[in-house]
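One structure below.
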Amino acid sequence: MSKTANVAVVGATGAVGETMLAILAERRFPIGKLHVLASERSAGGTVEFRGDDLIVQDLATFDPTGVDIALFSAGGSVSKEYAPKFAAAGAVVIDNSSAFRYDDDVPLVVSEVNPEQVKHRPRGIIANPNCSTMQMLVALAPLHRKAGITRINVATYQSVSGAGRSALEELGRQTGALLNFQDPQPKRFPVQIAFNLIPHIDDFLDNGYTKEEMKLVWETRKILGDDSIQVNPTAVRVPVFYGHSEAVNVETKQKLSVAEVKALLETAPGVEVVDEPRAGGYPTPVTHASGTDPVYVGRIREDFSHPNAINLWIVSDNIRKGAALNAVQIAELVVSET
Ligand code: A2P
């Protein structure tokens, strides 16, 4: 591939798509032509890129010939239908949906963890992991390499932006309604999200877990390349606009001290340690993550109930590192191939 790439952003009007455009601009991605695509509903409207208004095109009638890299974030059914068409036309597809993540011939890549997998893409499709798995593994991969993770207990506190623009609007609308003594009228979420917590993200599966929870199990094993790792997940939606948080307990083969964990994380790519035992000496979605790139780790403690386990609090912007940023980082790996 040449050193500039013709890029298509599919889902460019969405919460992730607009951040993909912002990050492509911020990182000065070497773009030849840029196509911004969405559904027929938005076609003819505009999105902003480097101060210019770009006209949104209808994905259904777009000819992908000449596209080198296509960043998809328009949902699983759109990816299933259109990603193979873009790949057949010669594009490398970087897909943010779960449509292809568990296929053996589609690499699932966190840029700091398994970048070498980008090259193994026989179908021309690379999958971007789920936001919760993404931030967790940026922090846990260095511990796994050092001490061998055997089991992860994780509870997530996931912001509404992970469910798209309509979910952001619903949290804002319900908050306003409730403060004015009006009915919150849930639409996007099954129950009220403002001033509430919902232990249900994505569909329920036969085993009683949600698909969002099982993504943490399946994707951790695939990305770390170790099917023996046990993961016990609970995924919860919280009334936060941007930034997912995770309370993580990690069991390892070899014991790690707090000092060793801090030393590993302080040099880990993409990680920032914020860990002082005082008021505010820990990361939160609002004070640290929202609008920024790192995966923040704090509250690092030895689990005093277990001989070889560590507790961590991991926070990151789910739309940036959890989705758009990692997709662009994968695109950078692709474009740097000779
Ligand atoms: P549109 O604005 O035309 O609906 P979010 O996750 O924030 O809701 O964003 C979803 C993105 O996926 C939007 O850009 C949306 O475009 C796009 N999208 C949804 N359905 C389709 C479709 N059938 N074809 C193309 N783009 C779609």
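Ligands are counted one by one from 1 in listed order, and the atoms in each one are counted from 1 as well. What's counted below: heavy atoms across the whole structure, side chains too, no hydrogens, waters or symmetry copies. Values in this document were obtained by computation on a predicted structure and should not be read as measured data.
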Can you list every pair where an N/O of ligand 1 is under 3.5 Å from an N/O on the protein?
from, atom 1, to, atom 2, distance (Å)
ligand 1, 2 (O), Thr13, OG1, 2.6
ligand 1, 2 (O), Ser42, OG, 2.8
ligand 1, 3 (O), Ser39, N, 3.1
ligand 1, 3 (O), Ser39, OG, 2.5
ligand 1, 3 (O), Ser42, OG, 2.4
ligand 1, 4 (O), Arg41, NE, 3.1
ligand 1, 4 (O), Arg41, NH2, 2.7
ligand 1, 7 (O), Ala15, N, 2.9
ligand 1, 7 (O), Arg165, N, 2.9
ligand 1, 14 (O), Gly11, O, 3.2
ligand 1, 14 (O), Thr13, N, 3.3
ligand 1, 14 (O), Thr13, OG1, 2.6
ligand 1, 14 (O), Gly14, N, 3.0
ligand 1, 16 (O), Thr13, OG1, 3.2
ligand 1, 26 (N), Ser39, N, 3.2

By side-chain hydrogen bond (donor to acceptor under 3.5 Å, both in side chains) - contacts of Gln117 (at least two apart): none

Test side-chain hydrogen bond (donor to acceptor under 3.5 Å, both in side chains) applied to Thr220 - qualifying residues, sequence neighbours left out: none

Donor on one side chain, acceptor on other, Asp303 and Asn311, under 3.5 Å: no

Polar side chain donor-acceptor pair, Asn318 to Ser161, under 3.5 angstrom: yes

Residue list, side-chain hydrogen bond (donor to acceptor under 3.5 Å, both in side chains) with Thr13, at least two apart or on another chain: none

Pair Gln135-Ser316, side-chain donor/acceptor within less than 3.5 Å: no

